[in-house]
Amino acid sequence: MWRTVPRLTWAVGAVVALAIAAGNQVGAGPLGKKRGNAPLPGVEETVGDLAAVFQNGETSVEGVGLVAGLDNTGGDAPPSWFRSQLVDEMSKAGVEHPNELLQNKQFSLVIVRMKIPTGASPKDRFDVEVVLPPASGTRSLAGGFLMMTRLSEVLVAGGTPRTGSDMAFATGPVMTGTAKEPGDLKTGRVLGGGRVKKDFPYQLLLGENKRSIRNAGLMEKVVNERFHQNERGQQKGAATAKSDSVLVLKVPEVYHQNQERFFRVVQLLPMIDTPALREQRQAGAAAELLNPKTSGVAALKLEALGPSAAQALEKGLTHADPQVQFFASEALAYLDEPAGVDVLGKTAITQKPFRAYALAALAAMEDDTARIKLRKLMDEPDMEVRYGAFNALRTLDPLDAALGRVRILDNPYNQEEIDPEDPDAMALAIASSRRPRPEDPFSLFIVDSEGPPVIHVSRTRRSEVVVFGRSQRLQTPIVLGAGQVLLNAAQGDESVDISKIVPSKFGDDDVKVRSSLDVGDVIRHVANMGATYPEVIAILESAYKQQNLPGPLFVDSVPTSNIEYFEKSILGESKPKKDAEVERTGMSRFRRLFSFRDRFDKDDADDKASKKVDAKDKPDADAKAADAKDKPDADAKAADAKDKPDADAKAVDAKDRPAKKDDAVRKTSATTESDDDPSPNSRFRLLDRLRRRGE
């Protein structure tokens with residue numbers, strides 16, 4: 001379950017692939033020599049002994065789009081291939097004088113880019129990058145709306161760009177700036193505005209000396225006997241053999257939040273299975289489960305055996321070691337057994353390294369006990385737990401009443417939406433001036449929570465405001481503004497005046513409304529007056545700085561990944577390996593529920609910094625420092641630190657967050673990821689996108 005990963009495969013797949021490649025060297029014939037049929041797998045061999053999960057990295061797509069609704073900050077673009085493409089689109093739609101329309105300052109030609117990761121499906125939502133072409137006359141994209149834009153691969157042949165077939169489409173309001181340069185008005189993102197037109201599945205690749213139609217067919221049978229799901233009334237397996245060396249692998253719905261786990265369970269499936277062998281394997285794995293050093297992989301082995309292993313897993317719930325309890329409860333959750341729900345809830349609260357995975361496991365369950373537990377977790381004071389539980393519950397049931405979703409617009413658009421599959425969708429949008437968008441410009445949730453009052457906003461993946469705690473009231477006096485929207489209230493007032501300056505050829509005019517001090521009501525009134533999602537965030541940030549909010553404001557506060565889980569559960573290692581042994585970059589992005597950057601580097605850095613401070617007070621500090629100079633790997637580590645691609649980005653990001661210094665806007669754990677960072681060594685998200693069903 002990865003997001004965009006510019007590598008050949010994930011860490012575990014890499015380890016297995018290397019093992020397979022090493023085995024292929026023994027007895028391998030000359031390059032290109034035709035092999036005979038590969039031998040049948042042995043009794044002890046698993047899927048992972050024969051094949052590795054492979055992903056094609058990410059596919060970059062782009063298109064030429066039109067941003068509408070600008071406040072006279074648009075401008076024409078010089079003659080170019082991009083301009084010709086857009087004019088052609090507009091002409092197909094029957095737009096008269098398209099060149100004159102592009103000169104209108106309420107419009108702007110833009111280049112739209114998106115990355116499609118392996119494993120993407122049409123149900124997923126992706127952030128889309130919006131940039132201006134060279135020498136564009138546009139001064140700002142603020143307040144703009146990207147009209148339906150078709151995206152495809154673009155190749156340059158003979159100096160001329162060539163486009164392939166449409167692979168995705170994008171539309172939605174533009175949020176200006178990037179994570180590195182939030183004040184850049186000439187670039188922007190459409191949060192969750194991109195969707196693909198088809199699935200981009202993973203593959204199982206058989207090792208060279210394991211390839212045969214017989215082995216591929218047997219592997220398909222083994223995987224499908226354990227993993228299958230209902231698709232449009234038909235039971236379909238997760239694997240489909242395409243040749244003697246390749247199987248297409250589709251992730252079942254229950255593992256959509258933690259696809260890495262699914263791949264590891266698949267690799268642990270035995271190729272040869274009989275009732276006697278199954279009983280023997282279950283007994284062995286049950287014993288390993290009770291050993292903290294082997295409990296992570298043992299739980300996966302039992303999970304691979306299916307529901308029959310539930311009783312053995314339940315024994316791990318009473319073990320004294322909390323990690324054994326967690327691994328057992330996690331496996332039970334993916335078998336939809338409710339016995340471990342309480343352990344998962346406790347783990348989410350008390351064990352930060354496993355918090356994200358505990359919440360993902362709860363989100364994978366259909367049993368009502370998981371839903372009840374997630375509702376309760378939304379009362380916790382820790383914002384990571386609180387918002388993480390909110391995301392998990394939304395994944396489990398996006399229509400759950402406990403989420404508290406409310407309608408924003410009083411008079412929502414009641415127009416026929418444009419079919420995004422229509423090849424002329426963008427052209428039709430231009431011609432009709434319709435915005436193919438959701439009913440509301442962003443999502444607003446008011447959660448009836450018993451915890452302390454807080455507000456959470458997102459700057460990545462989706463446009464949403466989550467208010468934890470009903471009846472939150474703004475504190476007076478109030479003097480706030482963003483764009484053309486202004487809020488004013490004197491000390492002691494029971495209401496707030498909201499006004500918007502509406503320019504016209506006869507001069508500026510004000511539109512005014514009076515609202516209660518309730519935060520939800522204010523947000524709705526501001527949105528109904530035309531404020532964009534970025535403007536709403538700006539108002540909330542200003543309100544927090546001026547102490548107008550009753551509680552803190554959090555931005556992208558999500559649980560984070562931890563190498564400890566990956567090592568113990570996925571790889572079965574008791575101690576983390578060095579980067580040279582297991583590439584951390586292979587922890588590529590899992591999908592959907594949380595945005596996870598690998599924070600273990602940051603945590604390690606903080607611990608080291610703390611130790612350095614303590615070392616100053618120790619009498620042998622100088623001796624240790626002198627000793628460190630003689631260590632042969634000291635310089636190498638220092639040089640390695642300089643080469644980390646995230647270092648500069650974090651430094652820049654820190655400069656752009658003065659609010660963190662004075663605690664004006666809090667942000668826990670997850671820093672905003674830069675979608676512009678193409679570095680192959682950058683840390684990627686774990687469990688990173690919530691699949692928005694029905695949105």
Side-chain angles (χ1 to χ4, degrees), residues 10-12 15-16 44 46-48 226 254-255 257-270 277-362 364-365 370 559 561-577 581-582 587 590 600 686-687:
W10 46 299
V12 179
V15 174
V16 177
E44 297 301 322
T46 65
V47 169
R226 174 62 181 87
V254 68
Y255 287 95
Q257 281 42 263
N258 192 345
Q259 295 185 23
E260 179 89 7
R261 184 179 187 86
F262 169 67
F263 299 145
R264 185 58 172 146
V265 172
V266 166
Q267 288 186 318
L268 291 171
L269 292 173
L277 287 172
R278 175 177 287 265
E279 184 177 352
Q280 179 182 345
R281 288 165 182 154
Q282 183 167 311
E288 293 175 356
L289 177 68
L290 302 181
N291 182 348
K293 294 183 178 180
T294 57
S295 60
V297 173
L300 291 171
K301 290 179 180 178
L302 291 170
E303 187 178 326
L305 295 177
S308 62
Q311 188 174 358
L313 285 165
E314 289 178 7
K315 293 181 180 179
L317 300 178
T318 59
H319 196 278
D321 191 300
Q323 290 188 12
V324 174
Q325 297 177 24
F326 165 65
F327 289 134
S329 63
E330 186 184 27
L332 284 167
Y334 284 100
L335 296 175
D336 202 29
E337 294 289 340
V341 165
D342 287 339
V343 173
L344 291 174
K346 182 179 179 181
T347 300
I349 297 172
T350 62
Q351 297 191 56
K352 188 172 182 178
F354 301 142
R355 176 176 295 161
Y357 311 95
L359 293 171
L362 288 170
M365 298 182 65
S561 65
N562 190 284
I563 191 63
E564 186 177 345
Y565 173 88
F566 183 76
E567 299 284 354
K568 291 185 177 181
S569 179
I570 303 300
L571 290 182
E573 300 289 344
S574 59
K575 292 182 180 180
K577 291 189 176 185
E581 297 175 77
V582 178
M587 284 188 67
F590 296 81
F600 46 83
L686 181 64
L687 295 175

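For residues 282-316, no pair satisfies ring pair (Phe, Tyr, Trp, His ring centres under 6.0 Å), with sequence neighbours left out. Contacts classified as salt bridge (Lys or Arg N to Asp or Glu O under 4.0 Å) and involving residues 329-349 (residues at least two apart or in different chains) are given here: R261-E330, D342-K373. Evaluation of the ring pair (Phe, Tyr, Trp, His ring centres under 6.0 Å) test over residues 291-320, restricted to residues two or more places apart or in two chains, returns none.
The line from CD of E303 to CZ of R264 is 12.0 Å long, rounded to the nearest 0.5 Å. Here the straight-line distance linking atom CD of Q323 with atom OG1 of T347 works out to 9.5 Å at 0.5 Å rounding. How far CD of E279 is from CG of L305: 11.5 Å, rounded to the nearest 0.5 Å. Between the CD atom of Q325 and the CG atom of L289 there is a distance of 11.0 Å, given to the nearest 0.5 Å. E288 CD to L300 CG: the interatomic distance, rounded to the nearest 0.5 Å, is 11.5 Å.
Between S308 and R278, the shortest heavy-atom distance links the atoms OG-NH1, 3.8 Å. Of all heavy-atom pairs between V324 and P292, the closest is CG2-CA, 3.8 Å. For the pair L335 and R226, the tightest heavy-atom approach, listed with the atom from each and the gap, is CD2-NH2, 3.3 Å. Residues Q282 and A309 share a closest heavy-atom pair of OE1-CA, 3.9 Å. Of all heavy-atom pairs between L269 and A304, the closest is CD2-O, 3.5 Å. A348 approaches L359 most closely through the heavy-atom pair CB-CD2, 4.0 Å.
Relative orientation of the Y334 and Y255 rings is parallel, given thresholds of 30° and 60° on the angle between their planes.
Taking 4.5 Å as the limit, some side-chain heavy atom of E314 sits within range of a side-chain heavy atom of L332.
With sequence neighbours excluded, the residues forming a side chain to side chain contact (heavy atoms under 4.5 Å, CB included) with A286 are A312, listed by chain and number. For S329, the side chain to side chain contact (heavy atoms under 4.5 Å, CB included) test picks out L317, F326, V343, L344, with sequence neighbours left out. In terms of the salt bridge (Lys or Arg N to Asp or Glu O under 4.0 Å) criterion, residue partners of R281 (sequence neighbours excluded) are, by chain and number, D273.
Here F354 and F327 bring their ring centres to under 6.0 angstrom of each other.
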